[in-house]
Number of protein chains: 2
Amino acid sequence: MPTSENGSPPVYREIAEELRGQIRSGRYADGDRLPGENTLMEHHGVARATARQALSVLINEGLAVAVRGSGIYVRQFRPLRRHGARRLSKDLWGNGRAIWQTDSDTRGYEVEGLVVDEVVPAEHVLRSLGLDPGNPAVRRSRRYLVEGRPVQSAVSYLSPLLWAGREDSPAAQRIRAPDSGPGGIYARLAELGHAPAHFTEEIRVRMPTPEEAEELALSPGTPVLEVARTALTSDHRPVEFNEITMDGSAYVLQYDFDA
Amino acid sequence: MPTSENGSPPVYREIAEELRGQIRSGRYADGDRLPGENTLMEHHGVARATARQALSVLINEGLAVAVRGSGIYVRQFRPLRRHGARRLSKDLWGNGRAIWQTDSDTRGYEVEGLVVDEVVPAEHVLRSLGLDPGNPAVRRSRRYLVEGRPVQSAVSYLSPLLWAGREDSPAAQRIRAPDSGPGGIYARLAELGHAPAHFTEEIRVRMPTPEEAEELALSPGTPVLEVARTALTSDHRPVEFNEITMDGSAYVLQYDFDA
DNA sequence: GAGTGGTCTAGACCACTGC
DNA sequence: CAGTGGTCTAGACCACTCT
């Protein structure tokens, strides 16, 4: 194919373009089965590899998914809505509700594979927490499912310095326990005198690593959203760093703010 | 390849995995040239198509880019930071500065291909503006470049009802002119008595359409960020809808808010 | 068992880059 | 002009799904 315009596009692109148009126009709806390799070979008089290449374009665009032994299907797409500001308002965790309960519409979240341990976090995590290199942190990892499907995995980091000298307090113990108690981690931080008052979230997009693709059961052509949240006290001390990796096709992020 | 685990992964995946590891470990740095098809064929004793398939994995992951006639190179990645709340504060457009001037660090934006016209917008646009189906709107489209590279394209919609009966006022004329004047569109809206007070932004991710890939000069494996912003007055009337498509590899979005 | 997609081989011609 | 990636053909064997 030429670097820019001029001659006609390669055959496989034209086939892909034709199918793409038919998907967009509604000729093929969500979940419908697309013409397979054999059909495309006949109809367009091309070799198998060329038909495959056309289909791989759609798959890498996230428009279609291949099911082995069955066919190629139009991808379905019904995102969840995640609210930025509203969901972290003190009203919620101040009253014993966990954050993620406000996230999804009527569909409920399930938490899976919660692991709590202590590690020396990566450099960017330490920086966000205002810790020096080599310092340890409590790490809380888990995965969230909606309707049985994994949609995000989250890892939260907290510095043990926040409860130094009070290791045995109920709040400090809960932070290191799988069940963080009513209101979650933020309520415990408040009990320790480190109530979160400000948040900053950084959003990045990229294609998943193979590990992430497996953990979130992503089909090819699905990008991930990476949300890195830092929670700060009213005097702007960082008290938590949370790294969330989300199925990009599963979410719409919403932020509301004033001029 | 097996549906889940068991047997060994296909050859092309192993080759891709090996290269991926070498990229991550720093064995190949940003912009370095990776072993090409011929090299992989020799070293791994595979056919050309298999070597190609391995490389296409990395390319679709956004880790590498192919340059015809030259080689395969490790992708570089240095994102811009786009601030959500801060950049839309009234201090900025209230004083005659355009929004995008606050966006990029030291690198400057250039605006290109500004087009102003009147159209009947898509349904979701009309809904965001609170307009009935079939209503027209002024559309302002443009593209932003950083260091000569296209990074986002934006389309803004405004209802003519906002200046009904005042078509000839300076503000209304500027809104329909390529140069919207000091402070940009939001300053003009304020002059018309529709000063934006609240914003809501919706963020979506997906793989680009071929048209978007061309417009933003995206290399394969690059997702796009879609930011849909609605500007509301203090009495919550929508006055502008802005749809921004961004090179996902070029941006980090940041939002700051309080508990 | 027929049909589907997944992997792989061994060729071919082309357009482009860089020396 | 040698080397690179881009496209394409014509086969092959396999694992899986569906009926």
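Numbered from 1 within each chain, the chains take letters A, B, ... in sequence-line order. Just so it is clear, the values below take in all heavy atoms, side chains as well, and ignore hydrogens, waters and symmetry mates.
Considering only the side chain of A:Arg52, C:dT7 comes nearest among C:dT17, C:dT7, D:dG5. Among the nucleotides C:dG6, D:dT7, D:dT9, the one closest to the side chain of A:Glu37 is C:dG6. Here the side chain of B:Val11 is nearest to one of D:dA10, C:dC8, C:dT9, namely C:dC8.
Looking at B:Glu240, B:Arg139, B:Glu243 one by one, the single match for side chain to side chain donor-acceptor pair (under 3.5 Å) with B:Ser156 turns out to be B:Glu240.
A salt bridge is defined here as a Lys NZ or Arg NE, NH1 or NH2 lying under 4.0 Å from an Asp or Glu carboxylate O, and B:Arg176 with B:Glu118 fails to meet this definition.
B:Ala66 comes within contact range of the sugar-phosphate backbone alone, with a heavy-atom separation under 4.0 Å but no base atom that close. At the heavy-atom level, A:Ile72 lies under 4.0 Å from the strands shown only through sugar-phosphate atoms.
Where B:Thr39 and A:Gly45 each meet DNA chain D at their nearest nucleotide, the meeting point lying more 5' is that of B:Thr39.
Spacing between atom CD of B:Glu14 and atom C1' of C:dG6 amounts to 15 Å, rounded to whole angstrom units. Whole-Å rounding puts the A:Gln53 CD to C:dG5 P distance at 16 Å. Between the OH atom of A:Tyr73 and the C1' atom of C:dG5 there is a distance of 11 Å, rounded to whole Å. If you measure from atom CE of A:Met41 to atom P of D:dC8, you get 14 Å, rounded to the nearest angstrom. The CZ atom of A:Arg33 sits 14 Å away from the P atom of D:dT17 (whole-angstrom rounding). Atom-to-atom, NE2 of A:His44 to P of D:dT7 comes out at 17 Å; the value is rounded to the nearest Å.
Of the side-chain N and O atoms in A:Asn38, one or more sit less than 4.0 angstrom from OP1 or OP2 of C:dT4. Side-chain N/O atoms of A:Tyr12 include one lying less than 4.0 angstrom from OP1 or OP2 on D:dT7. Side-chain nitrogen and oxygen atoms of A:Thr50 include none within less than 4.0 Å of the OP1 or OP2 phosphate oxygen of D:dT7.
The heavy-atom pair separating A:Asn242 from A:Val155 by the smallest distance is OD1-O, 3.2 Å.
The base of D:dT7 sits with one of its N or O atoms less than 3.5 Å from a complementary donor or acceptor on the side chain of B:Arg48.
Distance CZ/B:Arg127 to OG1/B:Thr230: 11.0 Å, rounded to 0.5 Å.
By the 30° and 60° cut-offs, the orientation of the rings of A:Tyr255 relative to B:Tyr255 is parallel.
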